[in-house]
Chemist: 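Structure provided below as structure tokens; questions to follow.
When reading the values below, keep in mind they use all heavy atoms of this one structure, side chains included, and skip hydrogens, waters and symmetry mates. Atoms within a ligand are numbered from 1 in the order they appear, just like the ligands themselves. Note that the structure is predicted; figures quoted are calculated from it, not measured.
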Amino acid sequence: MIIVMAPWATSVHIDDVVVHIRAMGFESRLVSGENRNLIAVEGGEHQLLEKSFEAWPGVERVIPVLQPFKLASREYKSNDTVVLVGADRPGLSPITIGGPELHIIAGPCAVENEKITLEIAQRVKAAGCRLLRGGAFKPRTSPYSFQGLGEGGLRVLEKVRAETGLFIVTEVLETSDIEIVSETADVLQVGTRNMSNFRLLQRLGTVKKPVLLKRGMNATIKEFLMAAEYILSNGNPNVILCERGIRTFETYTRFTVDINAIPAVKHLSHLPIIVDPSHGTGVWRLVEPVALAGIAAGADGLLIEVHSDPQHALSDGSQALKPERLPSLLKKVQAIGAVLGRTFSGT
Ligand code: PEP
Ligand code: MN
């Protein structure tokens with residue numbers, strides 16, 4: 001259950017409730033929000049217990065939540081969460097993810113150098129996208145592969161934002177990098193390999209920037225939502241989920257996009273979810289059809305790798321779309337989105 005404290009509740013009121021919860025044998029966590037405090041309690045969903053907490057001084061109401069993910073659940077919050085991106089960038093108009101507007105995050109897998117990143121960004125912008133992706137810190141399977149430009153890559157992304165006005169989505173690999181990556185990023189990406197890095201998720205709960213949380217390649221939907229819960233329960237409500245494919249027995253594709261996850265997450269959670277057909281398939285030819293399937297299934301947007309010279313890309317070239325393929329894909333996104341009452345303002 002979630003105990004919502006009244007805005008006027010004092011720390012004494014909160015402590016009394018927390019002590020009472022512990023005395024009853026349950027674990028709880030205090031979540032400090034902007035206007036009020038919440039106490040998330042694991043277990044104890046029982047009408048009588050909920051009623052007893054409602055009578056406690058300082059308690060506004062008690063919401064029963066049966067799912068193990070409390071703050072991420074629809075039981076807690078029935079209306080869709082809309083994440084605001086870029087509100088702190090003067091001169092750029094912010095965007096929303098999770099509302100009626102669809103958003104496509106596009107760009108290279110890795111920031112390779114300033115020239116090519118800017119070239120790709122300009123094509124991404126011309127196609128009508130508002131967000132550029134590009135990794136400065138790259139989590140590579142092989143230690144011998146290109147690991148990213150690091151802080152130099154962040155400087156490139158800043159320059160490209162200044163030139164194009166595109167918002168930046170870039171990955172943060174470890175807790176010690178959160179501060180520097182947050183200065184550059186408009187959305188902090190957590191990759192599939194870090195979905196279960198609970199220390200990293202906890203720390204990302206304390207930052208103000210939205211977090212794009214990719215599904216672990218071996219994670220169930222429940223584990224995925226529990227990972228989001230780590231961020232939410234540490235105070236950051238701005239989480240965007242990303243279905244990026246899971247490991248199956250199939251070897252023709254790199255991963256298998258779990259289309260089921262999109263309507264399932266929409267049913268279980270109020271958080272926005274986007275689809276990454278690039279990593280999900282690993283094959284550029286499959287990117288467009290799977291992207292469209294994602295939108296048809298109700299995704300709030302897409303993450304697509306784009307490279308102007310895929311043969312020579314330093315990472316993930318085989319799944320990168322050439323920029324000239326973006327406009328026709330986005331036209332189809334617009335058409336399918338329209339059937340579902342979604343808009344895409346590009347193209
Ligand atoms: C990426 O977006 O480039 C990436 C490494 O993604 P994932 O974590 O999904 O493999
Ligand atoms: Mn990649």
Side-chain angles (χ1 to χ4, degrees), residues 103-112 116-117 120-121 124 129 131-143 145-150 153-154 156-157 167-174 177 181 184-197 200-201 204 210-219 221 223-224 227-228 239-248 253-258 261-262 265 273-284 286-287 290-291 294 299 301-322:
H103 278 287
I104 318 303
I105 304 166
C109 177
V111 177
E112 298 175 3
I116 199 159
T117 310
I120 297 167
V124 162
C129 303
L131 300 118
L132 177 76
R133 61 146 292 140
F137 296 92
K138 294 301 304 172
R140 303 306 301 281
T141 304
S142 165
S145 304
F146 176 57
Q147 305 286 314
L149 297 181
L154 297 177
V156 169
L157 290 169
F167 291 119
I168 302 297
V169 181
T170 196
E171 180 160 355
V172 58
L173 277 185
E174 51 181 312
D177 292 340
V181 180
T184 303
D186 296 298
V187 177
L188 292 155
Q189 178 174 319
V190 175
T192 190
R193 294 159 186 84
N194 259 330
M195 189 212 80
S196 306
N197 182 343
L200 179 67
L201 301 179
L204 288 169
V211 176
L212 176 70
L213 177 65
K214 292 187 132 194
R215 180 177 179 181
M217 61 181 85
N218 300 309
I221 291 170
E223 288 162 342
F224 189 21
V239 175
I240 304 157
L241 302 169
C242 178
E243 165 57 46
R244 51 79 69 208
I246 51 174
R247 272 260 154 82
T248 66
T253 49
R254 192 174 173 195
F255 294 95
T256 298
V257 175
D258 181 10
I262 301 150
V265 162
I273 180 164
I274 67 168
V275 174
D276 171 358
S278 304
H279 294 87
T281 64
V283 184
W284 73 264
L286 306 184
V287 167
V290 176
L302 300 167
L303 183 143
I304 294 187
E305 287 192 340
V306 174
H307 200 289
S308 42
D309 185 10
Q311 280 102 316
H312 297 103
L314 297 181
S315 61
D316 287 352
S318 59
Q319 65 195 36
L321 280 192
K322 287 193 175 170

Chemist: Would D276 count as being in polar contact with ligand 1, using the rule that some N or O on each side must be under 3.5 angstrom apart?
Modeler: no

Chemist: Is T170 reaching over with its side chain to a backbone N or O of G134, donor-acceptor style, under 3.5 angstrom?
Modeler: yes

Chemist: Measure the distance from atom 6 (O) of ligand 1 to every protein heavy atom, then report the residue, atom name and distance (to 0.1 Å) of the closest one.
Modeler: K214 NZ, 2.8 Å

Chemist: Roughly how far apart are L157 CG and L149 CG, rounded to 0.5 Å?
Modeler: 9.0 Å

Chemist: Apply the test side chain to side chain contact (heavy atoms under 4.5 Å, CB included) to residues I116 and H307: give CA-CA distance (whole Å), side-chain angles for both, the deciding distance (0.1 Å), then the verdict.
Modeler: CA-CA 8 Å; I116 199 159; H307 200 289; 3.4 Å; yes

Chemist: Please could you name the atoms of ligand 1 that G191 approaches to less than 4.0 Å, counting only its heavy atoms?
Modeler: 8 (O)

Chemist: Main chain of E305, side chain of S278: is a donor-acceptor contact present, judged purely on distance under 3.5 Å?
Modeler: yes

Chemist: Between K214 and M195, does the side chain to side chain contact (heavy atoms under 4.5 Å, CB included) criterion hold? Intermediate values first, please.
Modeler: CA-CA 7 Å; K214 292 187 132 194; M195 189 212 80; over 6 Å; no

Chemist: Give the name of the N/O/S atom in D316 that lies closest to the Mn ion (ligand 2).
Modeler: OD2

Chemist: Look at atom 8 (O) of ligand 1 and say which protein heavy atom is nearest, naming residue and atom and giving the distance to 0.1 Å.
Modeler: T192 N, 2.8 Å

Chemist: Under 4.0 Å between a Lys/Arg side-chain N and an Asp/Glu carboxylate O for R254 and D316?
Modeler: yes

Chemist: Atoms of ligand 1 less than 4.0 Å from K138 heavy atoms?
Modeler: 1 (C), 3 (O), 5 (C)

Chemist: Could you check atom 10 (O) of ligand 1 against the protein and tell me its nearest heavy-atom contact, residue, atom and distance included?
Modeler: R244 NH2, 2.8 Å

Chemist: With only distance considered, is E171 within less than 3.5 Å of ligand 1 through an N or O on each side?
Modeler: no

Chemist: Does the side chain of R215 reach to within under 4.5 Å of the side chain of D258, using non-hydrogen atoms?
Modeler: yes

Chemist: Name the closest protein heavy atom to atom 2 (O) of ligand 1, giving the residue it belongs to and the distance to 0.1 Å.
Modeler: R133 NH1, 2.7 Å

Chemist: Looking only at N, O or S atoms, which one in E305 sits nearest to the Mn ion (ligand 2)?
Modeler: OE2

Chemist: Kindly determine whether L314 and K138 satisfy side chain to side chain contact (heavy atoms under 4.5 Å, CB included), including the steps that lead there.
Modeler: CA-CA 11 Å; L314 297 181; K138 294 301 304 172; over 6 Å; no

Chemist: Does only the side chain of M217 get under 4.0 Å from ligand 1, or the backbone, or both, or neither? Count heavy atoms.
Modeler: neither

Chemist: What's the shortest distance from atom 4 (C) of ligand 1 to any protein heavy atom, and which residue and atom give it?
Modeler: H279 NE2, 3.3 Å

Chemist: Give the atoms of ligand 1, by number and element, whose distance to some non-hydrogen atom of C109 is under 4.0 Å.
Modeler: 3 (O)

